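See structure below.
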Amino acid sequence: MYLCKRKANKFRNLTTLIFLNVIILGCSFSALNSDSEVVVSKIKFDLSVPVELKNNLNIFIKENEASSKEVNIAEFEFKEKNFYGGDNLGSLESEVVGSIQVKIINDEEQTKKISSTRRFNTQSLNPLAQKELVKLMRVEIIEDLNKKIILYLKTHEDK
């Protein structure tokens, strides 16, 4: 009797896992495809926008005079905040925030501030390791901002 229940539970668990895999794989989608491009009439970058972000966006954004949309990307900010607490002399946590302003000029002007935030524990890091981690977080934030800008522009694409 015990072996029968065990085999039945094993079969039920296997069926459940297969069913969940099918559901998870069937529901997956890609919000941003690598072959997707956004067509605009003109794109302008402010001096504060980093070169990495400009290069990444130029891959996905193509200029064409037939489009009626102009995009201005400006006011890139990168801030680091440290959180202190208790008797500890060093910071407990750090937060790195990157933000950028995207302005779409069409028949009307639409402005949106897009931001990306990363938090990490700094309690066990020395100052040099913390600086290196902030550099790594800056690269991740620029990649995330790139994806968010492309997604925002795709939603306002000419139909």
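Quick note: residue numbers are just sequence positions, from 1. Predicted model, so just to flag it, every value in this text is computed and none were measured. Only heavy atoms go into these numbers, but all of them, side chains included; no hydrogens, no water, no symmetry mates.
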Worksheet item: Is it true that Phe83 and Val97 fall in one hydrophobic cluster, defined by side-chain heavy atoms closer than 4.5 Å?
Response: no

Worksheet entry | Residues in salt bridge (charged side-chain N to carboxylate O under 4.0 Å, His left out) contact with Glu143, at least two apart in sequence or another chain | none

Fill in: Side-chain touch Gln110/Tyr152, heavy atoms, less than 4.5 angstrom
yes

Discussion item. Any non-hydrogen side-chain atom of Ile142 less than 4.5 Å from a side-chain atom of Phe78?
Written reply: no

Fill in: Minimum heavy-atom distance between Phe76 and Ser48, given as atom pair plus value
N-OG, 3.1 Å

Fill in: Ser116 side chain vs Gly98 backbone, donor-acceptor pair below 3.5 Å
no

Worksheet entry | Within-4.5 Å side-chain heavy-atom neighbours: Phe60 and Ile149 | no

Discussion item. Are the side chains of Leu57 and Phe45 in contact, using a 4.5 Å heavy-atom criterion?
Written reply: yes

Discussion item. For the CD atom on Glu65, are there more than 12 heavy atoms of other groups (residues, nucleotides or ligands in this structure) within a distance under 6.0 Å?
Written reply: no

Discussion item. Counting C-beta onward and ignoring hydrogens, is there a side-chain heavy-atom pair between Lys44 and Lys103 closer than 4.5 Å?
Written reply: no

Worksheet item: Between Val71, Thr111, Asn72, which is the residue that forms a side-chain contact (heavy atoms from CB on, under 4.5 Å) with Ile105?
Response: Asn72

Fill in: Separation of Met137 CE from Glu95 CD (nearest 0.5 Å)
12.0 Å

Worksheet item: Out of curiosity, Leu136 CG to Ile141 CD1, how far, rounded to the nearest 0.5 Å?
Response: 10.0 Å

Worksheet item: Considering residues, nucleotides and ligands other than Lys54, do more than 12 of their heavy atoms fall under 6.0 Å from its NZ?
Response: yes

Discussion item. Would you compute the distance between atom CD of Gln130 and atom CG of Asn121 and round it to the nearest 0.5 angstrom?
Written reply: 10.0 Å

Worksheet entry | Single-linkage hydrophobic cluster, 4.5 Å side-chain cutoff, Ile150 and Ile43 together | yes

Worksheet item: Roughly how far, to the nearest 0.5 Å, is the CD1 atom of Ile73 from the CD1 atom of Ile104?
Response: 9.0 Å

Practice prompt. Decide yes or no for Lys148 and Lys112: does some side-chain heavy atom of the first lie under 4.5 Å from some side-chain heavy atom of the second?
Written response: no

Fill in: Partner set under side-chain hydrogen bond (donor to acceptor under 3.5 Å, both in side chains) for Asn58, not counting sequence neighbours
none

Fill in: Pairwise salt bridge (Lys or Arg N to Asp or Glu O under 4.0 Å) hits with a residue in residues 126-140, at least two apart
Arg118-Glu140, Glu132-Lys135

Worksheet item: Roughly how far, to the nearest 0.5 Å, is CG of Leu145 from CG of Leu53?
Response: 6.5 Å

Discussion item. Tell me whether Lys62 at atom NZ has more than 12 heavy atoms from other residues, nucleotides or ligands lying less than 6.0 Å away.
Written reply: yes

Worksheet entry | Side-chain donor/acceptor of Ser41 to backbone N/O of Lys69, under 3.5 Å | yes

